[in-house]
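Note that this is a predicted model, so its numbers are computed, not measured.
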Amino acid sequence: MQSLRGPVAPRNSPLAFGKSKGFILHGDSPAWTPSPPTNPSGQLVQPGFLHFSSHINMPSFLLLEAICIVLFAGVPPSLLLQEVHVSKETIGKISVASKMMWCSAAVDVLFLMDGSHSVGKGSFERSKHFAITVCDALDIKPRKVRVGAIQFSSAPRLEFPLDAFSTQQEVKAEIKRMVFKGGRTETSLALKYLLRKGFPGGRNASVPQVLIIVTDGRSQGHVALPAKQLKQRGVTVFTVGIRFPRWEELHSLASEPRERHVLMAEQVEDAANGLFSTLSGSAICTTTSPDCKVQPHPCERKTLETVRELAGLAPCWRGSRSTDAVLAALCPFSSWKRVFFTHPTTCYRTSCPGPCDSQPCQNGGTCVPEGPDRYRCLCPPAFGGEANCAPNLSLECRVDVLFLLASSADATPEGFQWAKAFVKRFVRAALTGDSRARVGVARYGAELTVAVPVGEYQDVPDLVRSLDSLPFDGGATLTGRALRQAAERGFGSAPGTGLDRPRRAVVLMTEARSQDEVAGPAGFARARELLLLGMGSEDVRAELEVITGGPERVLTYTGPRDLFDQIPKLQGKLCSRPRPGCQAQSLDLVFMLDASVSVGPENFAQMQSFVRSCALRFDVNPDVTQIGLVVYGGLVQTAFGLDTHLSRAAVLRALSQAPYLGGVGSAGTALLHIYDKVMTVQGGARPGVPKAVVVVTGGSGVEDAAVPAQKLRENGVSVLVVGVGPVLREALRRLAGPRDALIHVATYADLSHHQDALIEWMCREAKQPVNLCKPSPCMNEGACVLHSGSYRCECQGGWEGPHCENRECGISSHIGAGRVVSVLLFPGTVAKGGSRALTEGVSLRSFIRQTFSGCPLHPRCHAG
């Protein structure tokens, strides 16, 4: 309450009043302005209407005129008042660690729980839930952890002492039976009670004492001094905020370092993790396995405060000493608002290694944790045969394979043993079930020795025994002679002609250069329709490429482990057949994935797997296909742009790391984001290259997408929609546009069955004619003008350069210093006078860097 200044009305005056909590008096004469509502202890009342006291002796009609009611803004009950800024994966690890924590030590733990009106019954129940969660991790026994509880409000009340119960179940049941008291928040009285009597039923200072104060920090008294005295006695004090806490008071109560001893009860698992992280760090008790670590994370706490703002002037009535009259005047009045103030800090949390930390899922598979030590892999269709997305190594194609092992002196006995071990592991993995493949083994030095003719063995163990008995030979390295002999007699009784003949392949394994000529014998073998594959060290790569006919048929390795990792690649080369795709066609391709709550994290992971399988069908590099990814949910995020990743392997890795966002998604907002930020020259798009967007959605949030999709199409970007599940068909059909570019999939698990249809559509779009000015390559509002099979940018407002990008230097050898060139040549044009031409499909960024390298830059130009 502010004090009254100026003349005071006599008690018998119509304006005289007693103690008023509804108004603040100020000015030179009595006047009323609204003040925030308070309870009898002076605290702000809960959100709602602003009430005024009726203890005013004045006519009722004047009272009605004077009262002003202000409505506080509501506060959403689910608002997080403490947020730890970490990834969702780390949040999962913190949650897992919370469930693993266990404290078994001689320690007294006392809960001091706020049961005042400012906390309320609902928040008091949440305080109890927090205390029970903490007890779940305590080894409660008379010689180990003892637990007691005190509830305080206007006065402290002992709920049960530390020696009352000796089991976890008894303590938890007693906490559940605690009844909310209500009253004032007299935290200081509760602290003084502990200073006088100590921990009730405790073991005094013979064991560590931990006090956990659960409160909103809105005490009526001074708490700093009694809290300091308790801490000086060796008590470790944790403060746990509830409802809308005053963090300043919680910090003054807590032990040092305060950021480790202040928590928030509303996030129960996070608070329990923070509590036990601090206890383990102070050696009071060990709570987790040695692999778990306590790490600092940036976090943010919020305080809800009520602030007063001058709202304006309103008619009011003033009294006078000289007369009993009431005079009308304009008086200032205020409104009250609830405002959140943020307090950055550091939170210390324990996280344990997750089952997916070791990245067990191979070949682009997505690891989904299912507990502290369990996971499962969502695999691309091509790698779903085994656990961890290991490829299904069974040779399902019909093929005869002859392994040709170098056994010369230059190959070394060690290298020969590696090769034999590789073949044994390969046949055990590949010749399983209904495999139609047959294998043979030969070694060579100066001569070829066929140890196992192709297909002439009883079973795999028989083949392995024959390999074990195969000796190292030594001698010269005559690879050319061995190839000719293998072509003539290496396949034994295998059919040599006719339609029934299986595919035949020779796998040459060597680490030694040949001492005879190899090109002629290799040509002889290929002329007999033999597939030649080479495996060896980097030293013999060039020779192997000559033998096999190209680098794509050569596998190199650096050691035994690396050698065994080549098994899936060899299997793929033996059974590879042409697949639908457009490997050599230039294309700017953006996948837009629905990552909203309607999809869910598991279905989103299946989307990722599907997109990775599609990416395997394209030659990703800056001059052929560029791939970008946009995800949308509660927000829209560019996971990576078109020019971010320059290889297929990099794209596959980035697709695996795409974030699931949750929230309510808007496909229209995401398409506009692609229009404005992604399918632009600044975003990595290339002029003169076909462009396509593939939308994969569960159908929710597409109602607003038809117009943005049409805007993209009008700008030269094709849009295909893949709808999954019971989607809104009409909304999706409008989104798919007049060409009905829509693929409907029954379930997320069925996405792989529609991959070929999607690839066929993308390749068809890649062959469509393009408009060089759509989307416009000109930056900074420059106008794109088509001209003789190319285009030029007409810049505005002082911008310069081929794309109005603010560059100022010449590109021709005969152009003088300072002259600006703004014409960029495109396919079908010829560069004159030493200028450069941009060939079809070449990355614009690469072209600009090559063209302008070494040129002096205008001071306004960007150096990149």
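Between the side chain of Asn715 and the backbone N or O of Lys774, no donor-acceptor pair lies under 3.5 Å. Here the side chain of Arg349 pairs no donor or acceptor atom with the backbone of Gln295 at under 3.5 angstrom. Judged by distance alone, with hydrogens and angles left aside, the side-chain atoms of Gln626 form a donor-acceptor pair with the main-chain N or O of Gly684 at under 3.5 Å. For the pair Gln608 (side chain) and Leu655 (backbone), a donor-acceptor distance under 3.5 Å is present. For Ser613 (side chain) and Ser609 (main-chain N/O), a donor-acceptor pair under 3.5 Å exists by modelled atom type. Side chain of Lys337 to main chain of Ser335: no donor-acceptor pair is present (N/O by atom type, distance under 3.5 Å, no hydrogens or angles).
Expressed to the nearest 0.5 Å, how far CG of Leu587 lies from CE of Met762 amounts to 7.5 Å. Once rounded to the nearest 0.5 Å, the distance linking OG of Ser790 with CG of Leu772 reads 6.5 Å. Taking CD from Gln768 and SG from Cys763, the interatomic distance works out to 12.0 Å, rounded to the nearest 0.5 Å. Summarising the geometry, atom CZ belonging to Phe618 is positioned 6.5 Å from atom CD1 belonging to Ile627; distances are rounded to the nearest 0.5 Å. Rounded to the nearest 0.5 Å, atoms OG (Ser596) and CG (Leu661) are 9.0 Å apart. The structure places NE2 of His297 at 9.5 Å from CG of Asp270, a figure rounded to the nearest 0.5 Å.
For residues 634-657, the pairs satisfying ring pair (Phe, Tyr, Trp, His ring centres under 6.0 Å) are Phe640-His645, with sequence neighbours left out.
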So Leu593 and Leu629, side-chain contact (heavy atoms from CB on, under 4.5 Å) or not? Walk me through it. CA-CA 8 Å; Leu593 302 188; Leu629 177 66; 3.8 Å; yes
Would you check, one step at a time, whether the test side-chain contact (heavy atoms from CB on, under 4.5 Å) holds for Gln755 with Phe610? CA-CA 8 Å; Gln755 181 178 321; Phe610 170 67; 4.1 Å; yes
Passes side-chain contact (heavy atoms from CB on, under 4.5 Å), Glu266 versus Ile242? Steps please. CA-CA 6 Å; Glu266 305 286 349; Ile242 195 71; 3.6 Å; yes
Working for side-chain contact (heavy atoms from CB on, under 4.5 Å), residues Leu616 and Leu652: CA-CA 8 Å; Leu616 287 169; Leu652 292 175; 3.6 Å; yes
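Scanning both residues, Asn273 and Ala97, for their nearest heavy atoms gives ND2-CB, 3.8 Å. Residue Ser586 comes nearest to Val689 through the heavy atom pair C-CG1, 3.9 Å, listed as atom of the first residue, atom of the second, then distance. Nearest heavy atom pair, residue Cys795 against residue Gly801, reads SG-O, 3.8 Å. Val693 and Met592 get closest at one heavy-atom pair: CG1-CB, 4.4 Å. Nearest heavy-atom pair across Ala667 and Ala705 is CB-CB, 3.8 Å. Closest non-hydrogen pair, Pro687 versus His803, comes out as CG-NE2, 4.4 Å.
In this structure, Leu751 and Val722 have side chains that are in contact, with non-hydrogen atoms separated by less than 4.5 Å. Residues Leu742 and Leu720 form no side-chain contact, since every pair of their non-hydrogen atoms from C-beta on lies 4.5 Å or further apart. Met607 places a side-chain heavy atom less than 4.5 Å from the side chain of Asp594. Using a 4.5 Å heavy-atom cutoff, the side chains of Arg648 and Arg612 are not in contact. Between Val630 and Val636 the shortest side-chain heavy-atom distance falls below 4.5 Å. With contacts defined as side-chain heavy-atom distances shorter than 4.5 Å, the pair Val620/Leu646 does not qualify. For the pair Cys299 and Thr346, the minimum side-chain heavy-atom distance is 4.5 Å or more. The closest side-chain heavy-atom distance from Thr345 to Trp247 is not below 4.5 Å.
Asp704 and Ser666 share a donor-acceptor pair across their side chains, judged by distance under 3.5 Å alone. Looking only at atom types and distance, the side chain of Ser98 has no donor-acceptor partner in the side chain of Glu269 under 3.5 Å away. Between the side chains of Arg653 and Ser656, no donor-acceptor pair of N or O atoms lies under 3.5 Å.
Disulfide criterion (SG-SG under 2.5 Å) for Cys784 and Cys793: not met. With Cys778, the cysteine Cys804 has an SG gap of 2.5 Å or longer.
Glu765 has no carboxylate O lying under 4.0 Å from a charged side-chain N of Lys767, or vice versa, which leaves the two without a salt bridge. Look at Arg686 and Asp588 and you find a salt bridge, because one of the NZ, NE, NH1 or NH2 atoms lies within 4.0 Å of a carboxylate O, short of that distance.
Residues forming a ring-ring contact (aromatic ring centres under 6.0 Å, His included) with Phe604 (at least two apart in sequence, or on another chain): Tyr660.
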Side chains of residues 670-680: which donor-acceptor pairs under 3.5 Å do they make with residues two or more places apart or in other chains?
residue	atom	partner	partner atom	Å
His673	NE2	Thr638	OG1	2.6
Thr680	OG1	Gly683	N	2.9

